[in-house]
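Just so you know, these numbers use all the heavy atoms, side chains as well, and skip hydrogens, waters and symmetry mates.
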Amino acid sequence: MPLQENMLNAPHVVLIPSAGMGHLTPFSRLAASLSSLCKVSMVSISPTVSSAESRHLSDMFSAYPDIDPIHFQLPHYDLSDHPDTDPFLLRWEMIGRSASEILNHITKSTIPVSALVIDIPIAAKFLPLAKSLGIPCYLMFISTAAMLSFLAYFPTYCDLKTTPGLGNVDIPGLRTVPAASIPGALHDPKHLFTQLFIENGRMLLKFDSVFVNTFESFEKDSLAALREGRVQPGFPPVIAVGPLMPLKMPISGTSEVFPWLDKQSANSVVYVNFGNRTAMSKDQIQALGFGLETSGCRFLWVVKTAVVDAQDVVELDELLGEGFFERVEDRAIVTKSWVDQDEVLRHKAVGGFLSHSGSNSVIEAAMHGVRMLAWPMGGDQRINAVPVVKSRLGMWPENWSWQGDEKIVTGEEIAEKVKEMMADEGLMVTAHSVGEEARRAAAPGGTSYEGLLEFVQKLKELANS
Ligand code: UDP
Ligand code: UDP
């Protein structure tokens, strides 16, 4: 089927992301992929929580004029005395509270909508309203199919359990998620995350279909269990659309990285980055610094000391101690700046990725076939580490610290595992094949590519029926 379509009668898809780069990134990538197949608008909600998000949105809308922005100014909500303090979580709540205004704004400010693509943290607030307007609703699940299976079953698990607290969660027909791998907040039933998670999980069955940023061969087992209704009977069609292709636009970020990477030999550099919203304790950052230094490896390390980028004011030389920079000068770059992770992972010098296994990082490592040393820190990250290990994309030292732990993983432990990953040639080969499969899935004729084409085709048929 030809990619270029006559856009005149093309369906119009409106995407509604929530907040956080982990959400905006896959939504923008989906918007860009769809923009060559149909008309696409994306809701842009301001203010954003982080500067990275506002930069990303403005860069994306200028680089992709075919994606129409629908700007929405969020009303002021005073949540200063809310028991939860995570600024991204509070923003999800605010966007949810504005669902009716946002939908109203969408229907008034643009051409008729053929379908909405909604983000999971705001699903339960938007779906019933959108359905009452007769608009088909699709979910873009930004994490792995493993996490989707957990989310799909979790409300049933809660309904069936007879004792307080959480135990291991047996996802029917798939796998057991140990209590210790469950996102930390879910252990507290009063936590806002738990309330959203359960209400959004219950809403899954009402979507017309669910997109997941994964690909068939990477998560065969979870995709099959979901589609066969083993996890939740009556589950809607699941369309694997990953890896979604990175945007083609200049990314604001530090400029020193690429000239340095260009000088390093192939597969010699460990890239260390824990995503856009995971800040480590000072003690853990110091241990990590020691570990990277004593591993003897070359490394590119993006350090984050605060959850929101604008509040990250700690000086690195103060944090990492006297002499650190001099000692690693000829074999490392350590920065607090945003780097273009896609460019880094595709660089031939990068041979390993020490990552929190955030869902985007996992799929990006898979796309570029870069070995991972997974160090999940919270949220969905331990669940995401399962396909990483299963597919032999990477390794995961399961006894390393996890959110809420006081435990510091020592520099010695880190050095040992970093060396082990970088020396593991078998892992390099299997990671490389995962990359080949990922790129095949996303290329014309591949399963993910065809999944998106079929979605647009279906909307066209709906419009003509
Ligand atoms: N990212 C990046 N540069 C950075 C930090 C993060 O490009 O310095 C991107 C990364 O490529 C990914 C997203 O930000 O697309 C982070 O999402 P992920 O799901 O991995 O983790 P989260 O930040 O949501 O914990
Ligand atoms: N999530 C979900 N339902 C919700 C809110 C979040 O399934 O109502 C998922 C989210 O997509 C991610 C996971 O829960 O896979 C953990 O979210 P986290 O707090 O780590 O933030 P995120 O990675 O989404 O930025």
Side-chain angles (χ1 to χ4, degrees), residues 20 22 84-86 88-89 143-144 146-147 150 165-169 176-188 191 193-194 270-295 297 299 301-308 312 314 316 319-321 324 334 336 352-362 365 371-390 393-422:
D84 293 303
T85 53
D86 178 332
F88 292 95
L89 184 58
S143 188
T144 50
M147 183 61 186
F150 177 76
L166 300 179
N168 298 343
V169 175
T176 299
V177 176
S181 288
I182 294 174
L186 293 180
H187 291 277
D188 173 3
H191 201 291
F193 182 83
T194 310
V270 186
Y271 168 52
V272 184
N273 194 332
F274 299 96
N276 89 111
R277 46 172 301 192
T278 301
M280 277 180 179
S281 70
K282 199 168 156 229
D283 290 346
Q284 187 61 79
I285 292 177
Q286 288 165 346
L288 175 56
F290 178 76
L292 290 170
E293 181 187 344
T294 53
S295 74
C297 296
F299 60 93
W301 178 19
V302 180
V303 183
K304 217 170 145 42
T305 63
V307 172
V308 174
D312 203 337
V314 174
L316 281 183
L319 180 66
L320 294 169
F324 179 83
V334 183
K336 287 204 305 183
F353 182 15
L354 172 52
S355 162
H356 67 322
S357 60
S359 54
N360 291 287
S361 295
V362 166
R371 279 175 293 198
M372 284 181 77
L373 172 54
W375 182 356
M377 307 240 164
D380 53 352
Q381 296 153 18
R382 277 193 169 173
I383 295 179
N384 297 338
V386 171
V388 169
V389 174
K390 232 174 157 207
L393 173 63
M395 53 202 267
W396 168 27
E398 292 185 32
N399 61 344
W400 281 14
S401 61
W402 174 241
Q403 85 191 9
D405 285 358
E406 293 295 310
K407 180 180 159 189
I408 300 288
V409 182
T410 64
E412 286 80 2
E413 288 172 279
I414 296 170
E416 188 198 317
K417 284 292 168 195
V418 165
K419 281 193 284 190
E420 190 181 321
M421 166 181 65
M422 292 306 274

task: Keeping the roles fixed (side chain from Asn384, backbone from Gly358), state whether a donor-acceptor pair exists under 3.5 Å.
output: no

- prompt: Under the 3.5 angstrom rule, does the side chain of Arg382 hit a backbone N or O of Ile182 as a donor-acceptor pair?
  reply: no

query: If you round to the nearest 0.5 Å, how far is CG of Asp188 from CZ of Phe193?
result: 12.0 Å

message: Treating Gln403 as the side-chain partner and Gly379 as the backbone partner, does any N or O pair qualify as donor plus acceptor under 3.5 Å?
response: yes

- request: Kindly give the heavy-atom pair with the smallest separation between Val303 and Trp301, and that separation in Å.
  value: CG2-CE2, 3.5 Å

- prompt: Would you find a donor on one side and an acceptor on the other, under 3.5 Å apart, between the side chain of Arg371 and the backbone of Phe353?
  reply: no

- line: Closest non-hydrogen atoms of Ala374 and Pro397, given as atom of the first, atom of the second and distance, are O-CD, 3.3 Å

Closest approach of Gln284 to Ser401 (non-hydrogen atoms, all atoms of both residues): OE1-OG, 4.1 Å

Report, one line per pair, each donor and acceptor closer than 3.5 Å where one atom sits in a side chain of residues 407-418; sequence neighbours left out.
unit_1	atom_1	unit_2	atom_2	d
Lys407	NZ	Asn399	O	2.3
Thr410	OG1	Glu413	N	3.1
Thr410	OG1	Glu413	OE1	3.0
Glu413	OE1	Thr410	N	2.9
Lys417	NZ	Glu420	OE1	3.2

Spatial distance of atom CD1 (Ile383) from atom CE (Met147) [nearest 0.5 Å]: 5.0 Å

- line: Closest heavy-atom pair, Ser181 versus Trp402, reported as atoms and distance to 0.1 Å, is O-CZ2, 4.1 Å

message: What I'd like to find out is whether the side chain of Ser143 reaches to under 4.5 Å of the side chain of Asn360, using heavy atoms alone.
response: no

task: Write down the atom of Thr176, the atom of Asn168, and the distance for their closest heavy-atom approach.
output: CG2-CB, 3.7 Å

field: Test ring pair (Phe, Tyr, Trp, His ring centres under 6.0 Å) applied to Trp400 - qualifying residues, sequence neighbours left out
entry: Trp375

- prompt: Are side-chain heavy atoms of Leu288 and Met280 found at a separation under 4.5 Å?
  reply: yes

Minimum heavy-atom distance Met377-His356, with the two atoms named: CG-CB, 4.0 Å

